[in-house]
Chemist: 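Dropping a structure here in C-alpha cells format, bear with me for questions.
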Amino acid sequence: MARVVVDVMLKPEILDPQGQAVQRALPRLGFEGIADVRQGKRFELEVEGPVDDAALARIHEMAETFLANTVIEDFTVRVDEAVRAES
Amino acid sequence: MARVVVDVMLKPEILDPQGQAVQRALPRLGFEGIADVRQGKRFELEVEGPVDDAALARIHEMAETFLANTVIEDFTVRVDEAVRAES
Amino acid sequence: MSLDTVKHAAGTPDAGQPWAELGLKEDEYARIREILGRRPTGAELAMYSVMWSEHCSYKSSKVHLKQFGEKAPENDALLVGIGENAGVVDVGQGYAVTFKVESHNHPSYIEPYQGAATGVGGIVRDILAMGARPVAVMDPLRFGAADHPDTKRVLPGVVAGIGGYGNCLGLPNIGGEVVFDPCYQGNPLVNALCVGVMKHEDIHLAKASGAGNKVILYGARTGGDGIGGVSVLASETFDDSKPTKRPAVQVGDPFQEKLLIECTLEIFREKLVAGIQDLGGAGLSCATSELASAGSGGMRVELDTVPLRDSSLSPEEILMSESQERMCAIVEPDKVDRFLEICEKWDVIATVIGEVTDGSRLEIFWHGEQIVDVPPRSVAHEGPTYHRPYARPDWQDALQADDAGKLPRPANAAELRAQVLQLVGSPNQASKAWITDQYDRFVQGNTVLAQPEDSGMVRIDEDTNLGVAVATDGNGRYAKLDPYAGAQLALAEAYRNVAATGARPLAISDCLNFGSPEDPAVMWQFAEATRGLADGCQTLGTPVTGGNVSLYNQTGDVAIHPTPVVAVLGVIDDVTRRTPVGFAEEGQLLYLLGDTREELGGSAWSQVVHDHLGGLPPQVDLERERLLAEILISASRDGMVDAAHDLSDGGLVQALVESCLHGGKGARVVVPDDLDPFVFLFSESAGRAVVAVPRSEELRFTDMCGARGLPVTRIGVVDGDELAVQGQFDIPLDELRTAHEATVPGLIA
Amino acid sequence: MTARVGVVTFPGTLDDRDTQRAVRAAGAEAVPLWHRDKDLHQVDAVVLPGGFSYGDYLRAGAISRFSPVMETVIEQARAGMPVLGICNGFQVLTETHLLPGAMLRNNHLHFICRDQKLRVENATTAWTTDYAPGQEISIPLKNIDGRYVADERTLDMLEAEGRVAFRYVTDGPSGDGYGNPNGSLRDIAGITNEAGNVVGLMPHPEHAVEPLIGTGRTDGLGFFTSILKKLVNA
Ligand SMILES: Nc1ncnc2c1ncn2[C@@H]1O[C@H](COP(=O)(O)OP(=O)(O)O)[C@@H](O)[C@H]1O
Ligand SMILES: [Mg+2]
C-alpha cells in the first residue's frame, strides 16, 4: 500500500487566526525568531493499488472538490516516498 | 527567511474520527480505493536567521512541548527545501 | 507607483476612472464630481462607491423605510430609534436593552462557515457599539430544498459557523428559525440577531465630537478581506508588481472578538469613550465617515498608521477592507493612555490613527499626502435615493385565485393520521434539535428559556429576576401570497410567541430579505411588506428600532419569496413566572384560544401534502393579537396556565405534538362540534394559542377570557403517552417522536 | 471566615462569571484571578472555568497552560490545594499533566449542548463529598473537544485507583441525556488525581446551581458546597 499526502493550507491572503495565536504564544514560551506561523491540515491517504498518474489525478480531484475548500485554501498532493519504499 | 514544517499526526492507536469521516465520505463522492485516511496538522514556521542544528533543536523542543501533545500525537520536523532554495 | 492625491486629482480632471466597475451609475459619479468640485481621487472614489452601494446606503429601500418613523407608535420605551447601530429600549429598573437582526446572506452562500460566522460577529459588534454587554444571539435561517445536494453543503457549514463563532464568544443561542424552500436555492438567508443589556447611562452613540479628541482603531489588524471589488481600483492606480489576489471572503476570529468585547466593556466601565463605532461593511470608510458625519466637526486620519496584516495593501484597499473584529473609538486626549492600557491588558492592538478637527471635512492622509478631502455627510448620509418603479405583478391574481381550499383532503381517519405524521416529520415542521444542540444555550448562566420554546428568554438582573424575551418569525409563503398581510403575520407571530412565554412585547427589529429592487414586482412586494409592517407596528404599539434590508436575493430572474423576518422583544418583570411550551402535568385542561376558520392558503399542510402554494394567507386581526397577548401575559403572571404554545405553521396539531413531546406527556383531544376535524387540526388561522390550565385555575381563567371577550374552547386534557383525537386517531408519543426527530439528522447525514 | 475560591480568567474564558456566581451560591467567597498574575491572592482553592481560552486554537487548553497563573496553580496543586477544572479547565489540566490523558474532538465531530446524565463514581474527592457514591446527576454539557482518551494502561490504573470520578450514564434514552455524548473511552466524564484534590470534568456544574435557569436543576451545586465544607472544616 502506498501513502499519498495532501497538505491543505489557507491561502496566503486569508487570515489564519490559529497560526497567529500560536505565533503570539511562542515568545512567551521562550521561543524567539519565528516570524510567522501558518497552521493547516495534513491528510494521509493509504491508497490501494498502484499510485500511477491516473490515481494521482483522482486524488488531485478529491483534494480539489472535497479535502480543501478552494475558496479559501490551497493544497498540494504528493506521494510519501518513505512509505512507498517500505511497502 | 527559511521555512520549517512541523507535521503533527495522532498516534496510530488513537481513534481519528475526522479521518474516518473523510474516508467514509469518499466512496459516496465516487472515490474508491482509499483504504485509510488520517487527518493531522501541518505548521509552517518562517524562521528568522539560519536554520542550523541549534535552530532545529529548538524547533524540535517547541514541537515536543507545545505544537504536539505527545500523549496522543507524533510529530516530525523538517526544513522546506523549496523555500530555502528560493530565499 | 503613483499616489492619486487630492492635488493630483485637481490637476488631472480628465483622468479616466473605473466608476462603473465599482458599481456607480453615471449620474452618481457626476454627483460626486459636483460635490467635490473636481474628480474624486481613487481613495475618494472607493469610499463613495462602497458607501453609496445598496448595502450601505439603502438607496432603493429608504423611501419605504421612512414609514417606520412616520407611523411609529407613541412609545416611551424607545430610548434610541432607527439610525444608530441598533435601537435601544427601556425595560425598566434602569436597564436598557438593544437588539437587532441583520443578514449575511450572500457571503454565506459563497463560504457557508465563514459567511455565517462573520454574520454573527458583525451583529455582535453593532450591539457592543451601543454600550451594551451582548447577552444572547438568535439565527433565523432559510435554505433551499431539504433534499437538494447543495443544501448538504450550505446548511452544515452555516450551522457550524454560527455555532463556532457564537459558542466561542460565550453568547447563548436562544432561538431562531430553520426553513427549507426551493426558492432559497442559491440564495440561502442567514440572518443573525444579537441582544445586549446596559444601564440607561451607559448608552453610547456613534459620533465624533470635540476637536482634538483622538480617533483610535482597535482590534484585529487590517488585511485584504472582502475587497475583491476595489482591487479594480488598486490595479488601475498602482503598477502590476503587487499581488492582485484579494480575498472576497472574510474570515472570522471569534477569539479576537471575545477579547474585543471584554476590552470594550472595560473601557465603557471607565467611561473612556466619547463616541464609538464598529467596523462592518465598508470598514474604515464607513466608520470614519459616519462618526464624522454624526459629530460636530471634521476628522483627520493618517491612514498609514493603520496596523496591517498585509503590507502590500493600497490606501484604497485599507479604506475598503472588511477585516473583522475591529472597532473605532473617539477618545479625549487625557484618556488615551488609560484606553491603550486596557487594550494592552486584553492583548488587543490599538492605534491612534487620527483626530477630530474643528473643520467640517473628513481628511485622510497617506504618508503625509492628502488623498481624501470630503464633506463626511455626503459620503455617509447623503447618498442617492431611488424611487424605484413598482407594480403589482400580473401573476398575483392568479396565485391568489388558486385556492388551497380546493385541494383534496384526507378521506378518512386513517389518512388524517398519516398526514399528521407526514406533517410533523416534514423538514420545516420537524424538530431542529440536531441543529440547535450545536449551539451553547447555557453560557452566561442566565438562560431561562431557549429553543424549542416559543421565545428565548434571559434574566438580566439576578436580584430582581427582570428578564427579556425575543422571538423571530417570518413566513415567505404567506408573504408571497400577500406581502402586506405576510409581513403582518410575521409580526403577529413573533409578538404572539413572546406573549406566550409571559413577556410583554415592547419593540421590534426586522430583516427584510427580498429579490432585486430593479424588478418592479419585487419592489412592489417590498413596498407592500414595509407598509404592512409599519401599519402593524402602529396598531400593536411596538416601534421598529432598527433592522436590515437584504436585496438582490435572486438567481437570474427568479427572486426568493419575499421574506420579511420580524424579531419582537418583550420584557418580563419576574422570570420565575415564565410559561414553557411543554405539557408536564397530567390532568391539566387544554384550552384553545382564538377563532379557527378554514384557512389553508400557504399552509404547511398545503406544502407538505400537495406541494402547493396558492390562495390567500390567514386573515390578520391585530386587535385580536393584542387581546390574546394580554390574556397570555396575565395568565402567566397570575399562575393560571402552566404551559402555552402559539399556533402558527402546521396549525393546532403541530402545536399539540410539540407541547406533548417537549413536556413528555400525551393529550386527549376532542374536536369541537362546530368544526371539521381536518380544519380543526390543520388550519393556520392566526391569533390563536393552546394553553394547559391547572384544574384549580379553570374558572378564574375562563372567566378572565370571557370578561375580555376572547373566544376560548376547552379541547381536552393532558393525559397518557399518546396524542389521541377522539373519534379520529391515537398516535403514541414514541411514534410522533421518531417522525419528528429523525428527519433533520437524516437529511444531513 | 469563609473559604476563598479563586476563579481564573484566561483570554477567551467564558464561564468565569457563572463560576463565581456558583461559588457564591454555595456560600464561599469568589476571588477573580487573572492569567497574567502569578499571585493567587491567598485563595484556598482554584477553579479553572469553561470557555475557549485562546480560542481553543492549536488544542483546547494548550496555550493557556503556559500562562503565569498556571505556574503557581501547578505548584500549589502538587502541594495539595484543591483545583477543579471544568470543560476547558479540564482540558488545561490534562495539558499540564496534572491529570493524565487528553481531550480530543467529539467522535461525531460536532459541538454538543445538552443536559447530560452522569454518575458520581468517586464521592471522596475534595469536590464531590456532598454527593453519594453512585449518585446520578444531570448537568449541562457543551463542548466540541470532549472525548477523553488515554492509553490502556492509564485507563486501567484510573479504574483500579478509583480515579474515574464521573462517568456518563448510558442506560437510558439519549433524548433524556443518557449515553456517551462524545466517544470518551470507558464513558469517562471526569477524573481525579491520586490525592483527590485535583479534579476535572467536561460537563458544567456551575450551570446547574439555580432552579429555573438553564435546565432548572441544581445538581451542580454539590461541587461548590463540597469544597466549602472541606475548606471550612480544614
Ligand atoms: N436556527 C435556529 N437556531 C436556534 N433556534 C432555533 C433555530 N431554528 C429553530 N429554533 C427554535 O426551535 C423552536 C421551534 O422553531 P419554530 O417551529 O420555527 O418556532 P415557531 O413556529 O414557534 O416560531 C423555537 O424555539 C425556535 O427558536
Ligand atoms: Mg412558536
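Residue numbers start from 1 in every chain, and the chains themselves are labelled A, B, ... in the order their sequence lines are given, proteins ahead of strands.
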Chemist: Do you know which of C/Arg737, C/Gln256, C/Glu262, C/Lys345 has the most heavy-atom pairs under 4.5 Å to chain D?
Modeler: C/Lys345

Chemist: Non-hydrogen atoms of chain C under 4.5 Å away: do they reach the side chain of D/Glu206, the backbone, both or neither?
Modeler: neither

Chemist: What part of C/Ile261 gets within 4.5 angstrom of chain D, counting heavy atoms only: side chain, backbone, both, or neither?
Modeler: neither

Chemist: Counting only heavy atoms closer than 4.5 Å, note whether D/Thr13 contacts chain C via side chain, backbone, both or neither.
Modeler: backbone

Chemist: Of the listed residues (C/Asp253, C/Asp437, C/Thr576), which shares the most heavy-atom pairs with chain D below a 4.5 Å separation?
Modeler: C/Asp437

Chemist: Can you name the side-chain contact (heavy atoms from CB on, under 4.5 Å) partners of C/Asp573, sequence neighbours left out?
Modeler: C/Leu466

Chemist: Using every non-hydrogen atom in the two residues, find where D/Ile213 and C/Val448 come nearest and quote the distance to one decimal.
Modeler: CD1-CG2, 3.8 Å

Chemist: Where on C/Glu462 is there a heavy atom nearer than 4.5 Å to chain D: the side chain, the backbone, both, or neither?
Modeler: side chain

Chemist: Once rounded to the nearest 0.5 Å, what's the spacing between atom CG of D/Asp18 and atom CG of C/Asn446?
Modeler: 7.5 Å

Chemist: Within residues 107-118 of chain D, which positions have a heavy-atom distance to chain C below 4.5 Å?
Modeler: D/His110, D/Phe111, D/Ile112, D/Cys113, D/Arg114

Chemist: Check each atom of C/Val575 against the heavy atoms of chain D and say whether the ones under 4.5 Å are side chain, backbone, both or neither.
Modeler: both

Chemist: Could you list which of residues 51-61 of chain D have a heavy atom closer than 4.5 Å to any heavy atom of chain C, in residue-number order?
Modeler: D/Phe52, D/Tyr54, D/Gly55, D/Tyr57

Chemist: CG of D/Asp15 to CZ of C/Phe442: how many Å apart, nearest 0.5 Å?
Modeler: 12.0 Å

Chemist: Given the options C/Val443, C/Leu171, C/Asn167, which has more heavy-atom pairs under 4.5 Å with chain D than any of the others?
Modeler: C/Asn167

Chemist: Please tell me if the side chains of C/Asp347 and D/Arg36 come closer than 4.5 Å, counting only heavy atoms from C-beta onward.
Modeler: yes

Chemist: Among residues 140-148 of chain D, which residues come closer than 4.5 Å to chain C, judged by heavy atom distances?
Modeler: D/Pro140, D/Lys142

Chemist: Would C/Lys258 and D/Leu14 count as a side-chain contact (heavy atoms from CB on, under 4.5 Å) if you check the C-alpha gap in whole Å, the side-chain angles of each, and the deciding distance to 0.1 Å?
Modeler: CA-CA 9 Å; C/Lys258 169 68 177 171; D/Leu14 304 179; 3.5 Å; yes

Chemist: With a sphere of 6.0 Å drawn around NZ of C/Lys665, does it hold more than 12 non-hydrogen atoms of other residues, nucleotides or ligands?
Modeler: yes

Chemist: At a 4.5 Å cut-off on heavy atoms, which part of C/Arg441 comes close to chain D: side chain, backbone, both, or neither?
Modeler: both

Chemist: Within a 6.0 Å radius of atom CG on D/Asp37, are there more than 12 heavy atoms belonging to other residues, nucleotides or ligands?
Modeler: yes

Chemist: What part of C/Arg578 lies closer than 4.5 angstrom to a heavy atom of chain D: side chain, backbone, both or neither?
Modeler: side chain

Chemist: Contact between C/Thr447 and D/His207 at the side-chain level, heavy atoms closer than 4.5 Å - yes or no?
Modeler: no

Chemist: Which one, C/Gly164, C/Ala160, C/Gly163, C/Gly170, leads in non-hydrogen pairs under 4.5 Å with chain D?
Modeler: C/Gly170

